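Values in this document were obtained by computation on a predicted structure and should not be read as measured data. Both counts, for ligands and for their atoms, begin at 1 and track the order of listing.
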Amino acid sequence: MFWTMSDKQKITSGKTESENSMWGGRYAAGPSAIMMAINASISFDKKLALYDIEGSLAHAAMLGAKNIISADDVAKITAGLNTIREQIKAGDFAFTEALEDVHMNIEHHLTLAIGDAGRRLHTGRSRNDQVATDFKLWMRDAFDYLDAQLKALQAALISQAEQHTETVMPGLTHFQIAQPVSFAHHLMAYVEMLGRDRDRVLGARKRANECPLGAAALAGTPYPIDRAMTAKTLGFDRPTANSLDSVSDRDFVMDYASTASITMVHLSRLAEEIILWMNPQIGFVTLGDQLTTGSSIMPQKRNPDAAELVRGKTGRVFGVLMQMLTLLKALPLAYAKDLQEDKEQTFMVAETLDLALSAMTAMVLDIKVNKAAMQYAATLGFSTATDLADWLVRELKLPFRDAHHVTGKIVKLAEDKNVQLHEIPLQDMQSVEPRITANIFDVLSVEASMKSRTSFGGTAPVMVKAAISDAKKRFW
Ligand code: ARG
């Protein structure tokens, strides 16, 4: 809705809204249209509706068990909420802005349907603990969904890696050719990153899994409620320990946004690499028709739009992390309406992650590798110079610094002659270091270089195969 100045002037006097009697006896006049517009959250928090019902069912059952409301009331509330749940699932429930948020919408309709029993549901709770509970229930599912998607991407990377433990490519530092590595080794680096993401998800989920319900507005409640019971019914590990913290804590939202941001960093790095690899000048990989786009003017184009959009969407997720940090940083205890701003963009983050992870998994599975291009690139840039130096250390017992120096001279020779290291005649190498023998050529190929790196975590195929089977155990 676009508010103009005149619209605002029209409503500053306050129009009464008879349907909105939410604040009870004290409030004669309803809110002005501008008050409703700025205050209402139903347009986005209706996403919490099913969680709100779950929380209310648990709360009502507990109130009944503690004889705070009658068994008859519990039965009516339960039946009424079950009906509303079906209506919501079928899309037959009319949410209205006049009732502000998801909690009021559901309670109002419950009371319309079952009468006085509906008016007893809010005993011993407040919307402050209610919304924190709903959002944590939603967040738990969001964490589980995220974990499953991260795992699916790990599986896609591993299935590609399994086919490429012998596929040699240039490993880079400073985006300059450094040493040969296998494509599998490169992909497995991302499996590790995603493994840490999943660890963050797990940790955040665990921290979030305490139930705020029953903290009431901020101070607890005089009713003899059983918070452990509601916590258990809702699958929380325990009730939150401090009522003020219960209603004002949004660490789980910051945790989610920061976990999501770090995941987006990882996805964006991979997206960037796919984009580079697809550039015809590099030409390491191709993606099929289904995950690329053509150009409306240049018929030859195959553009990696999906990867570009994963990279491009990263900023909006970082933005939400900043938003949540800012939201909380100077907020006095306990609840303030600022906290209503925690949800809308968090939902957007979940949608973005879902899209980005789905697209990335599809792309990884779709990658076709151009082994010849990778192999050729790996031979450029004197990528086995370190192997040459290591040979001098091993065979001639040169100190590494001296070997480095000798190798530098040989690289200079190759550069002057415009050849690769393995193409330099033996006599030329011997003019730099007379004790060099023909055996040196054994270590100058990119394949030999890759195979020689057998230290734990190294790129030798035997090590990468072990890393793959280890990853399957660690991450499955
Ligand atoms: N819609 C509110 C929110 O999202 C629910 C809590 C309202 N509490 C209150 N004291 N007004 O935060």
Side-chain angles (χ1 to χ4, degrees), residues 17 19-27 29-32 34-56 58-59 84 88 93 95-111 121-142 208 211-221 230 234 240 242-254 256-257 320 323-350:
E17 177 54 81
E19 193 193 358
N20 192 340
S21 54
M22 296 182 288
W23 317 131
R26 185 172 166 200
Y27 271 72
S32 71
I34 189 68
M35 184 60 215
M36 277 167 63
I38 196 170
N39 204 33
S41 53
I42 191 63
S43 65
F44 52 88
D45 69 15
K46 61 184 175 200
K47 265 196 174 18
L48 297 178
L50 298 182
Y51 300 102
D52 193 71
I53 289 174
E54 217 187 308
S56 290
H59 183 67
I84 291 176
I88 291 172
F93 188 88
F95 292 103
T96 64
E97 200 184 58
L99 292 165
E100 194 179 319
D101 61 20
V102 65
H103 324 292
M104 303 289 242
N105 267 269
I106 291 175
E107 194 186 313
H108 179 82
H109 279 89
L110 179 70
T111 302
L121 173 61
H122 213 50
T123 316
R125 76 171 186 189
S126 124
R127 279 188 299 158
N128 298 351
D129 55 341
Q130 192 180 351
V131 73
T133 305
D134 293 4
F135 203 17
K136 279 185 166 186
L137 289 171
W138 176 90
M139 188 68 75
R140 238 171 34 190
D141 282 353
C211 185
L213 201 58
L218 76 166
T221 171
T230 13
L234 294 171
T240 46
N242 178 293
S243 62
L244 293 167
D245 181 50
S246 308
V247 294
S248 60
D249 165 41
R250 293 294 182 276
D251 287 6
F252 59 102
V253 184
M254 291 188 285
Y256 183 67
V320 177
Q323 181 193 352
M324 296 310 155
L325 297 171
T326 310
L327 188 64
L328 273 300
K329 82 168 187 62
L331 206 62
L333 302 187
Y335 178 86
K337 203 58 173 273
D338 308 46
L339 291 176
Q340 181 166 284
E341 288 292 311
D342 61 356
K343 284 176 280 298
E344 191 172 12
Q345 297 306 309
T346 301
F347 295 148
M348 182 278 285
V349 167

Subset of ligand 1 atoms that lie under 4.0 Å from at least one heavy atom of [X]:
X: Gln340; answer: 1 (N), 2 (C), 3 (C), 4 (O), 12 (O)
X: Lys343; answer: 3 (C), 4 (O), 12 (O)
X: Asp101; answer: 1 (N), 2 (C), 5 (C)
X: Ser41; answer: 1 (N)

Hey, does the side chain of Asp45 reach the backbone of Val102 with a donor-acceptor pair shorter than 3.5 angstrom? yes
Separation between NE2 (His122) and OG1 (Thr111), nearest 0.5 Å, reads 11.0 Å
Looking at Asp141, Thr133, Asp134, which hits side-chain hydrogen bond (donor to acceptor under 3.5 Å, both in side chains) with Tyr51? Asp141
Can you sort out the partners of Ala217 under side chain to side chain contact (heavy atoms under 4.5 Å, CB included), two or more places apart, ordered by chain and number? Ser126, Asn128
Report the part of His103 (side chain from C-beta onward, or backbone N, CA, C, O) that has a heavy atom under 4.0 Å from ligand 1; answer both or neither where that applies. side chain
Heavy-atom contacts under 4.0 Å between Glu100 and ligand 1: side chain, backbone, both, or neither? neither
Atom 10 (N) of ligand 1: which of Val247, Asn128, Leu218, Asp129 has the nearest heavy atom? Asn128
Counting C-beta onward and ignoring hydrogens, is there a side-chain heavy-atom pair between Arg140 and Phe252 closer than 4.5 Å? no
NZ/NE/NH1/NH2 to OD/OE distance under 4.0 Å, Glu100 and Arg127: yes
